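What you are looking at is a predicted structure, and each value in this text was computed from that prediction instead of being measured. All chains are named by letter (A, B, ...) in the order of the sequence lines, taking the proteins before the strands, and each is independently numbered beginning at 1.
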Number of protein chains: 2
Amino acid sequence: MGIPERKAREKEQRRRDIIQTAERVFLAKGLKKATMDDVAEAAELSKGTLYLYFKNKEELYAAVILQGVKVLRSMFEAAVDSAQSGIEKVRAIGRAYADFHKEHPDYFDAVLYYQTQTFDSSGRDSLVAACNSQSDETIGVIAEALKAGISDGTIRNDIDPSKAAVVLWGQTTGIMQLASRKGNEIRDWHHLNPEDVISGYFDLVEYGLKAE
Amino acid sequence: MGIPERKAREKEQRRRDIIQTAERVFLAKGLKKATMDDVAEAAELSKGTLYLYFKNKEELYAAVILQGVKVLRSMFEAAVDSAQSGIEKVRAIGRAYADFHKEHPDYFDAVLYYQTQTFDSSGRDSLVAACNSQSDETIGVIAEALKAGISDGTIRNDIDPSKAAVVLWGQTTGIMQLASRKGNEIRDWHHLNPEDVISGYFDLVEYGLKAE
DNA sequence: ATATTTAATGACTAATGGTCATTTTTTAAA
DNA sequence: TTTAAAAAATGACCATTAGTCATTAAATAT
């Protein structure tokens with residue numbers, strides 16, 4: 001009885017194909033502007049078929065977001081590996097986030113979209129759940145850097161690495177969002193360069209974490 | 001020639017009425033779910049008339065957002081006045097943001113929407129520009145608190161109050177956004193209470209700013 | 001060769017932001 | 001007061017698009 005297995009494989013493959021096409025279309029036209037018809041045409045399938053494989057448009061968004069979060073996580077990991085001391089690792093992570101924004105603006109927008117939304121009742125095997133899992137791991141990378149810093153004495157030992165990792169994740173996203181969305185306002189109203197705001201943020205974080 | 005003046009007054013009044021109605025409708029149904037037809041019906045006007053007074057739906061959103069930002073700013077001001085030392089003022093602002101989220105969740109969502117969007121070519125007299133102005137003043141309140149802290153010696157004097165105010169605004173928004181949108185994930189994946197994350201954040205900020 | 005199950009289709013619906021020719025109301029002129 | 005011109009308001013209409021479902025096509029089993 002190898003036929004059911006083969007069919008399951010084919011179905012899974014088709015699903016993957018759709019995701020890949022959707023990612024191309026969404027990143028090219030922007031999450032909001034790309035329509036399901038666009039995706040269907042690019043995938044050389046009817047729109048109805050898309051809905052056989054994905055509950056709705058948001059599920060397809062989630063697939064793109066997932067790729068973005070994965071890229072971000074891997075950049076964080078590379079950053080951690082590139083630095084020696086714990087405090088340097090943390091700063092490297094910050095720089096990695098800024099690089100991510102610069103090098104992958106589309107993915108950045110996707111990840112920001114994920115951060116902004118509340119996805120209700122995300123089935124356990126859904127793509128949204130996978131995004132949550134990736135986010136968790138990403139925060140885990142931060143936590144590891146903090147722990148390394150506490151071990152090597154470059155980060156004060158009275159902070160809770162797990163909690164601080166979540167805090168850093170949230171506040172850094174806030175800063176990147178501000179720089180990305182309100183860069184012009186920052187310049188016009190506050191006469192500040194967004195880059196300077198970001199580096200000022202890094203300085204403040206470092207000061208808040210550093211031992212001694 | 002008093003007629004043009006009277007007509008201008010009436011037009012302005014009608015505009016105000018529409019804004020007030022729109023605010024009621026948007027806050028009741030949620031920004032996304034409320035339709036222009038809803039607003040038109042509530043305002044006892046035809047939909048076409050709405051578009052005589054506002055360019056599009058986003059302009060009406062902006063009116064609601066403006067109210068929200070005004071409330072937030074006034075809460076910040078009250079917080080600053082309630083505290084003595086500079087560092088206490090900063091913490092009070094943080095608490096005020098958390099209270100704003102709790103007491104005015106609809107306005108909080110509106111402000112968050114504003115923070116997330118990039119409004120292109122916002123005419124100088126538009127509501128979006130007014131939001132920008134309010135944001136500017138809100139950040140100004142933070143900057144004043146920081147300056148007070150530097151003066152009274154409770155905040156270290158090597159920070160740039162203007163820059164740090166923007167940084168605080170951005171990162172605090174990020175934390176509030178995380179707590180608001182990903183509270184469940186924080187609980188499920190990291191076994192942390194969002195409230196604890198927020199207070200942990202406040203602690204970290206205080207440590208980063210405090211003198212001595 | 002036929003029946004059954006599975007996969008795919010695309011015409012259709014519903015919702016909604018936005019428009020515009022037409023109507024109503026107000027003001028100015030005769 | 002009557003009529004013409006200007007301003008304000010209307011709502012039927014359009015375009016877009018997410019999502020559905022009866023129908024068709026393809027694959028599999030009998």
Side-chain angles (χ1 to χ4, degrees), chain A residues 1-19 21-22 25-26 28-65 113 117 119-121 123 126-128, chain B residues 1-19 21-22 25-26 28-65 113 117 119-121 123 126-128:
Chain A
M1 273 291 257
I3 288 176
E5 285 77 2
R6 197 205 72 222
K7 291 197 99 172
R9 253 192 337 266
E10 285 175 351
K11 209 166 176 178
E12 184 52 39
Q13 185 54 46
R14 169 131 298 175
R15 191 183 154 89
R16 256 191 285 272
D17 290 345
I18 293 174
I19 290 176
T21 304
V25 174
F26 283 142
K29 297 197 67 166
L31 291 186
K32 302 275 172 57
K33 283 184 181 169
T35 69
M36 290 300 268
D37 284 301
D38 290 336
V39 176
E41 191 186 338
E44 295 174 310
L45 288 171
S46 72
K47 182 159 64 164
T49 303
L50 296 187
Y51 284 92
L52 293 178
Y53 289 86
F54 298 91
K55 207 173 94 260
N56 50 37
K57 195 181 179 184
E58 201 153 74
E59 270 289 310
L60 267 180
Y61 273 180
V64 177
I65 293 166
Y113 178 84
Q117 297 303 114
F119 300 91
D120 37 19
S121 70
S126 77
L127 287 163
V128 172
Chain B
M1 275 292 256
I3 287 175
E5 285 78 3
R6 196 205 73 220
K7 291 196 99 172
R9 252 192 339 264
E10 285 176 352
K11 209 166 175 178
E12 183 51 39
Q13 184 55 46
R14 167 132 298 175
R15 192 182 153 89
R16 254 193 287 274
D17 290 346
I18 292 173
I19 290 175
T21 303
V25 174
F26 282 142
K29 296 197 68 169
L31 291 186
K32 301 276 172 54
K33 283 184 180 170
T35 70
M36 289 302 266
D37 284 304
D38 290 337
V39 175
E41 190 185 338
E44 295 175 310
L45 289 169
S46 73
K47 182 160 64 166
T49 303
L50 295 185
Y51 284 91
L52 293 178
Y53 289 85
F54 298 91
K55 206 172 98 260
N56 51 36
K57 194 182 179 185
E58 201 152 72
E59 270 289 310
L60 266 179
Y61 273 180
V64 177
I65 293 165
Y113 177 85
Q117 299 302 115
F119 301 92
D120 40 18
S121 71
S126 77
L127 286 163
V128 172

Could you give me the CA-CA distance, side-chain angles and deciding distance for F54(A) and L127(A), then say whether side-chain contact (heavy atoms from CB on, under 4.5 Å) is met? CA-CA 10 Å; F54(A) 298 91; L127(A) 287 163; 4.1 Å; yes
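Atom CD of E12(A) sits about 6.5 Å away from atom CZ of R15(A), to the nearest 0.5 Å. To the nearest 0.5 angstrom, F119(A) atom CZ is 5.0 Å from E58(A) atom CD. Put simply, CG on L60(B) and CE on M36(B) are 5.0 Å apart, with the number rounded to the nearest 0.5 Å.
Partners of A42(A) by side-chain contact (heavy atoms from CB on, under 4.5 Å), not counting sequence neighbours, listed by chain and number: T21(A), R24(A), V25(A). Partners of Y113(A) under the ring-ring contact (aromatic ring centres under 6.0 Å, His included) rule, at least two apart in sequence or in another chain, are Y61(A). For K11(B), there are no side-chain hydrogen bond (donor to acceptor under 3.5 Å, both in side chains) partners at least two apart in sequence or on another chain. In this structure, E44(B) has no side-chain hydrogen bond (donor to acceptor under 3.5 Å, both in side chains) partners at least two apart in sequence or on a different chain. Applying the side-chain contact (heavy atoms from CB on, under 4.5 Å) test to E41(B) and every residue at least two apart in sequence or in another chain returns nothing. For the side-chain hydrogen bond (donor to acceptor under 3.5 Å, both in side chains) test, residues two or more places apart in sequence or in another chain that qualify with D17(B) are Q13(B). Here Y51(B) pairs with nothing under the side-chain hydrogen bond (donor to acceptor under 3.5 Å, both in side chains) rule; sequence neighbours left out. Partners of S46(B) according to the side-chain contact (heavy atoms from CB on, under 4.5 Å) rule, which considers only residues two or more places apart in sequence or in another chain, are T49(B).
Formation of a donor-acceptor pair under 3.5 Å by the N56(A) side chain with backbone atoms of E59(A) is found in this model.
Each end of the helix from dA1(C)-dT30(D) to dA30(C)-dT1(D) yields a helix axis from five base pairs, and these two axes differ in direction by 30° (to the nearest 10 degrees).
Across residues 29-41 of chain B, not one residue has a non-hydrogen atom less than 4.0 Å from an atom of DNA chain D.
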Taking protein heavy atoms under 4.0 Å as touching, what does nucleotides 7-13 of chain D look like 5' to 3' if B marks base contact, S marks sugar-phosphate-only contact and - marks none? SSBBB--
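Rounded to a whole Å, the CZ atom of F54(B) is 15 Å from the P atom of dT19(C). Taking atom CD of residue E10(A) and atom P of nucleotide dA27(D), one finds them 9 Å apart after rounding to whole Å. Protein atom CD1 of I18(A) is 12 Å distant from nucleotide atom C1' of dA7(C), rounded to whole Å. Taking atom NZ on K55(A) and atom P on dT20(D), their separation rounds to 10 Å, with Å as the unit.
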Taking only nitrogen or oxygen atoms into account, show me every contact under 3.5 Å that the protein makes with nucleotides 22-24 of chain C, one pair per line with its distance.
none

